[in-house]
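Quantities reported herein were computed from a predicted structural model and do not represent experimental measurements.
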There are 2 protein chains.
Amino acid sequence: MVSLLIADDHPLYRDALKGALVTTFNDLQLYEAGDLTSTVSLLYEHDIDLLLLDLHMPGSNDLFGLLHIRKLYPDLPVAVVSGTEDPATISKIVAVGALGFIPKTASSSDIANAVQAILEGDIWLPASVSNTMEPVDNEFSELADKVSSLTPSQYKVLCYMRDGLLNKQIGYNLDIAEATVKAHVTAIFRKLGINNRTQAVLLASQLELEPPASAHG
Amino acid sequence: MVSLLIADDHPLYRDALKGALVTTFNDLQLYEAGDLTSTVSLLYEHDIDLLLLDLHMPGSNDLFGLLHIRKLYPDLPVAVVSGTEDPATISKIVAVGALGFIPKTASSSDIANAVQAILEGDIWLPASVSNTMEPVDNEFSELADKVSSLTPSQYKVLCYMRDGLLNKQIGYNLDIAEATVKAHVTAIFRKLGINNRTQAVLLASQLELEPPASAHG
DNA sequence: TGGTCTATAAGACGAAAGTCTTAGCGCGCA
DNA sequence: TGCGCGCTAAGACTTTCGTCTTATAGACCA
């Protein structure tokens with residue numbers, strides 16, 4: 001009996017993943033989520049053996065979402081599902097702790113193989129990239145470690161900071177006082193080893209897989 | 001009689017470029033620069049037909065340097081010389097107005113052909129990328145336009161902002177009062193259509209060709 | 001059960017950011 | 001020569017940022 005959580009904001013692609021899995025695994029408990037919040041809820045409510053995670057889900061904020069889940073459930077195997085083919089991006093995803101990377105172009109048998117391998121404790125990567133994997137530089141790993149040390153509240157504040165919001169606006173969105181936001185901001189600075197929000201935004205933007213489409217302005 | 005300016009911080013590579021050119025062009029006036037400041041000085045002092053520009057020169061700040069020169073001398077043909085092979089990066093370079101892209105791995109004959117083609121008014125790209133050129137999205141072009149509308153002083157202030165410096169530190173580096181820095185900052189916000197420095201840093205980091213190696217902190 | 005640690009929360013206060021206004025200077029133009 | 005315009009510069013003032021200090025609630029441990 002294997003329980004899987006499929007976290008992807010496209011219902012059709014969730015169905016495709018399900019179809020690829022049900023033909024291979026006959027004793028399967030499947031859960032689904034369309035955004036990061038419900039993903040976290042389902043992980044809390046059920047005992048999940050493997051998470052199939054799309055990084056571009058609402059609320060996921062690219063690598064932030066993966067870091068967030070890795071922090072909450074360090075022992076949960078995570079396979080990232082994404083449309084990117086960029087080796088550098090895949091390297092970062094693996095560096096942050098994903099046990100597998102499944103391209104959206106993968107075939108049903110590839111998907112089943114990947115899930116099987118990861119459930120058995122292996123790391124699975126598509127053949128096209130596993131031989132061209134670039135070593136991720138040390139600075140990135142250190143940065144990922146630092147960001148992982150943030151508390152959930154601090155995560156959210158950092159995500160809003162990266163979107164260019166004022167402390168007051170962040171407080172409104174999180175329903176806390178501006179003074180509390182400032183406390184979180186200061187804590188973030190300490191953990192990341194910096195001293196102003198500009199540097200925080202620079203570090204945070206390094207974790208983005210692709211440049212933001214707009215300035216959120 | 002053709003006058004060329006080679007702007008690259010590696011003397012050896014400047015020599016290599018010279019070697020590739022003197023064998024093909026027999027009536028050649030060559031100038032050399034090792035950083036952006038001396039590049040601009042030489043462009044002012046002499047009548048240059050073509051600039052061979054390395055974006056990773058000291059003071060160049062990746063695409064900022066090219067934008068800067070494009071702003072000062074809109075009619076000057078520029079060929080960018082760089083070690084990158086990334087199609088997206090090359091697309092951005094061309095979108096910002098470079099008439100050619102010469103990979104550092106190019107052969108002597110390729111270099112000579114490129115220079116010849118650009119001097120004749122063509123755009124020259126290496127064969128390996130010209131067929132895989134990605135269309136640059138509209139937002140990037142708009143951003144480049146906005147950044148090009150900045151004055152030289154505003155450029156410098158934005159570059160320092162992107163490095164996480166305080167207004168006071170920027171003023172010290174540029175030898176102007178903090179009040180003046182603030183005036184520039186406000187003007188930058190207006191031109192970029194934003195209202196705080198966090199958003200400015202986000203936009204500026206989109207012009208970086210590669211993610212910064214460190215937080216400069 | 002009491003002690004300690006951590007996350008969360010928030011007020012007070014100095015520092016920095018950002019806006020508004022004014023002013024000198026160089027330039028094109030009538 | 002005089003006018004307008006844009007770049008540079010800077011003071012005055014308001015808003016936001018960031019630190020320091022304090023307080024509460026839950027987790028872990030002895």
Between D:dT14 (C1') and B:N196 (CG): distance, integer Å
16 Å

Determine yes or no for a side-chain-to-main-chain donor-acceptor pair under 3.5 angstrom, with B:K191 supplying the side chain and B:S149 the backbone.
yes

Could you tell me the separation between the CD atom of A:Q169 and the C1' atom of D:dC17, rounded to a whole number of Å?
14 Å

Minimal non-hydrogen separation, A:V201 against A:M161, with atom names
CG2-O, 3.6 Å

Letter per nucleotide, 5' to 3', of nucleotides 9-16 of chain C [B base touched, S only sugar-phosphate touched, - untouched; heavy atoms, 4.0 Å]:
BBB----S

Using whole Å, what does the distance between atom C1' of nucleotide C:dT8 and atom CG of A:L174 come to?
12 Å

Could you check B:D35 against B:S38 for side-chain hydrogen bond (donor to acceptor under 3.5 Å, both in side chains), going step by step and ending with a plain yes or no?
CA-CA 6 Å; B:D35 56 53; B:S38 55; 2.9 Å; yes

For the pair A:D54 and A:K104, find out whether any cationic side-chain nitrogen is under 4.0 Å from an anionic carboxylate oxygen.
yes

Nearest-angstrom distance from the residue atom CG of A:L158 to P of C:dA7
16 Å

Any side-chain to backbone donor/acceptor pair from B:R14 onto B:D8? Under 3.5 Å, distance only.
yes

To the nearest 10 degrees, what angle separates the axes at the start and end of the helix from C:dT1-D:dA30 to C:dA30-D:dT1, five pairs each?
20°

Scanning both residues in full, the closest heavy-atom pair of A:L67 with A:S148 reads CD2-OG, 3.1 Å

Does the side chain of A:T186 get closer than 4.0 angstrom to OP1 or OP2 of D:dT19 through an N or O atom?
yes

Listed nucleotide nearest any side-chain atom of A:V185, set C:dG18, D:dG18, D:dC7
D:dG18

Output the rounded distance in Å from NZ (B:K71) to P (D:dC7).
7 Å

Closer than 3.5 angstrom, by distance alone: can the side chain of A:D163 be matched with the main-chain N or O of A:L165 as a donor-acceptor pair?
no

Nucleotide C:dT6, atom P - distance to CD of A:Q154 in whole Å
12 Å

Side chains of A:I170 and A:K156, heavy atoms from C-beta outward: is any pair under 4.5 Å?
no

Can you measure B:N195 atom CG to D:dT15 atom P for me and round it to whole angstrom units?
15 Å

Taking A:E178's backbone N and O only, do any of them form a donor-acceptor pair with A:N167's side chain (distance below 3.5 Å, no angle check)?
no

Taking for each residue the nucleotide of DNA chain D bearing the nearest heavy atom, is the 5' side occupied by A:R197 or by B:K191?
B:K191

